[in-house]
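Shown next, in structure tokens, is the structure this report addresses.
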Amino acid sequence: MSALHELTAEQGVAALHAGEASAAEMVDAALARVEDDRWGSFLAVDAEGARGRAREIDALAERPPLAGVPIAIKDALSTRDVTTTAGSRILEGFRPVYTATCVERLERAGAVVIGKTNMDEFAMGSSTENSAYQLTRNPWDEGRVPGGSSGGSAAAVAAYQAPWALGSDTGGSIRQPAALCGIVGMKPTYGAVSRSGLIAFASSLDQVGPFARTVRDAALLLSHIVGRDELDSTSLDWPEPIAVPEATDLEGVRVGVVDELMGDGVEPGVRAAVDAALARIEGLGGSVERVSLATTEHGVATYYLIAPAECSSNLARFDGIRYGPRFDEARDLLEHYEVTRGEGFGPEVKRRVMLGTFALASGYYDAYYLRAQKVRTLIRRDFDAAFERVDVLVSPTSPTTAFRIGERVQDPLAMYLSDVCTIPSSLAGLPSLSIPCGLSDGLPVGLQLAGPAFSENRLLSVAHALEAAIGFDPRPPGVL
Ligand code: GLN
């Protein structure tokens, strides 16, 4: 057997059920790598809590399904009594009184939370550089970003600190960091996973989803978190169980390549890796055709009206009274709000709150917010039309590989364009995942696959067959 931290979650579960290792040993192996966190993946480590739960699981007469396998959780998800900041000063030291439903479901199934991962403040960003606390480094090249906003979760999995992790994705925050870190990341259909306990960014877009080093692990993780939750009225009864995929070919699968996402803005090395994956799809018996999603070019502009509009409302609750620290001895209430929010929020969050407040102002609502909602409908229809011809749409996940730390910090628009490929399916509420499809100059390239609502099982099957054919080695040089 490989060292415990090198096992996939699936292998870890098997080893635990077979009695080849104890949960305490598995958790210790992960914690040893978290203590040497040279990538800055974690904001908080719950070593004591994790060891305690592992011991409890080891003492059970019968092991629960996930058997004591460790997991890392994005700091946007509330964990009872464990500091949860969403990467923001305004929540410094905040200890939630309850645990997010998805995390609770995993704990009930026997997963052990080892810590909370770094992220862009309130999930706003594409590099994790907007965290108020620390940088996270890409395990493939420590001078580069891991992507974002769930960069800590992606780095933790890529660096073998945990076999899998949870992230959240509003416009690409699971898929883009998965791509940049050479791992699998999935954003499920809108409503698949309860958001109870997820610190809200843009409620019509936010979804929780898995990071893992294999598609099968991502499916296994997802299978434990989907489904209706009384605490989230937008969560859905899931039509069928999420299956751990077995497919080895793509016979009869119709794949469409999104024309608009294979154009000029895509780095040559990214395009080459995606083209090679397309050839593999055909080699596995799938058909490949070009498909046009004409509204794709409006995705980023539409998203940057809708997401800030929703965030300006969601973030109104952070006023220094209900949560987190107070920054002042204000003379009156208004001054108290101003000082708390002025000091507690970072520059990107302030930019979004101002943009969103502006877009929602009565004089501008029709011209910006309402217009964006209409374009969103057109984007959705474009996908509907495409899915009459093909089963799965593919594109690069990100137009570039991991960029250098600092490279896009001064240029918000360049940062926003990091999500040009992931935003359209978010606006349409569709499931979409990223798998690694090769390297370009030593850096991972992600392939994005998207399908109609509720097509998770098919998407995971296609991704699994393709993953096996690609044979990507997820071990970054020098990490193990
Ligand atoms: N990078 C995008 C943004 O900054 C998406 C973030 C996300 O999915 N949470 O809003």
Side-chain angles (χ1 to χ4, degrees), residues 73-77 86-88 117-132 136 145-154 165-181 185-188 190 193 195 198-211 299-312 314-315 345-356 359 372 376 397-400 402-403 407-409 411-434 446 448 450:
I73 304 289
K74 186 180 186 179
D75 207 32
L77 287 159
S88 182
T117 57
N118 196 23
M119 58 182 284
D120 286 303
E121 184 175 8
F122 287 106
M124 297 173 196
S126 305
S127 67
T128 313
E129 292 164 293
N130 292 337
S131 165
T136 296
V145 302
S149 65
S150 317
S153 283
L166 284 183
S168 65
D169 190 310
T170 304
S173 283
I174 294 175
R175 293 159 285 163
Q176 184 260 12
L180 270 44
C181 290
M186 183 168 205
K187 180 202 93 76
Y190 183 75
V193 181
R195 281 101 48 89
L198 172 68
I199 295 170
F201 165 11
S203 303
S204 76
L205 295 154
D206 296 342
Q207 262 300 288
V208 176
F211 285 101
V300 171
T302 306
Y303 174 88
Y304 279 98
L305 287 167
I306 292 174
E310 293 183 11
C311 101
S312 70
N314 273 327
L315 269 54
F345 288 145
E348 183 60 28
V349 173
K350 287 178 186 160
R351 180 156 40 236
R352 305 269 181 123
V353 170
M354 286 191 282
L355 274 171
R376 183 176 191 176
T397 307
S398 158
T400 69
F403 43 95
E407 194 179 302
R408 297 188 189 167
V409 177
D411 186 351
L413 287 181
M415 193 69 93
Y416 295 175
L417 284 171
S418 310
D419 295 296
V420 63
C421 305
T422 49
I423 280 175
S425 42
S426 291
L427 288 168
L430 304 175
S432 148
L433 84 167
S434 180
Q448 178 174 237

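Small disclaimer: the values here were computed from a predicted structure and weren't measured. Every number for a ligand or one of its atoms is a count from 1 in the order of the listing. Because only heavy atoms are used, hydrogens play no part in the values below, and waters and symmetry mates are left out as well, while side chains stay in.
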Sub-3.5 Å N/O-N/O distance, Ser168 and ligand 1: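 N/O-N/O distance under 3.5 Å: no.
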
Would you say Gly172 and ligand 1 have an N/O pair spaced under 3.5 Å apart?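 So ligand 1 has an N or O lying under 3.5 Å from an N or O of Gly172.
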
Going by distance alone, is a donor N or O of one side chain under 3.5 Å from an acceptor N or O of the other, for [X] and [Y]?
{"X": "Ser168", "Y": "Lys74", "answer": "yes"}
{"X": "Ser126", "Y": "Arg408", "answer": "no"}
{"X": "Glu121", "Y": "Ser88", "answer": "yes"}
{"X": "Asn130", "Y": "Ser149", "answer": "no"}

Identify the protein heavy atom lying closest to [atom], giving its residue, its atom name and the separation to 0.1 Å.
{"atom": "atom 10 (O) of ligand 1", "answer": "Tyr303 OH, 2.7 Å"}
{"atom": "atom 1 (N) of ligand 1", "answer": "Asp419 OD2, 2.5 Å"}
{"atom": "atom 9 (N) of ligand 1", "answer": "Ser173 OG, 2.6 Å"}
{"atom": "atom 3 (C) of ligand 1", "answer": "Tyr304 OH, 3.2 Å"}

Answer yes or no: is there a side-chain heavy-atom contact under 4.5 Å between [X] and [Y]?
{"X": "Pro399", "Y": "Leu417", "value": "no"}
{"X": "Leu315", "Y": "Met124", "value": "yes"}
{"X": "Arg376", "Y": "Tyr303", "value": "no"}

Ligand-side contact atoms (ligand 1) for residue partner [X], heavy atom cut-off under 4.0 Å:
{"X": "Ser149", "value": "9 (N)"}
{"X": "Met124", "value": "4 (O)"}
{"X": "Phe201", "value": "9 (N), 10 (O)"}
{"X": "Gly125", "value": "1 (N), 2 (C), 3 (C), 4 (O), 6 (C)"}
{"X": "Ala123", "value": "6 (C), 7 (C), 9 (N)"}

Answer with yes or no whether Glu348 contacts ligand 1, where contact means a heavy atom under 4.0 Å from a ligand atom.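 No; Glu348 lies far enough from ligand 1 that no heavy-atom distance drops under 4.0 Å.
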
Could you state the interatomic distance from CZ (Arg175) to OG (Ser150), rounded to the nearest 0.5 Å?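 Going from the CZ atom of Arg175 to the OG atom of Ser150 covers 10.5 Å.
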
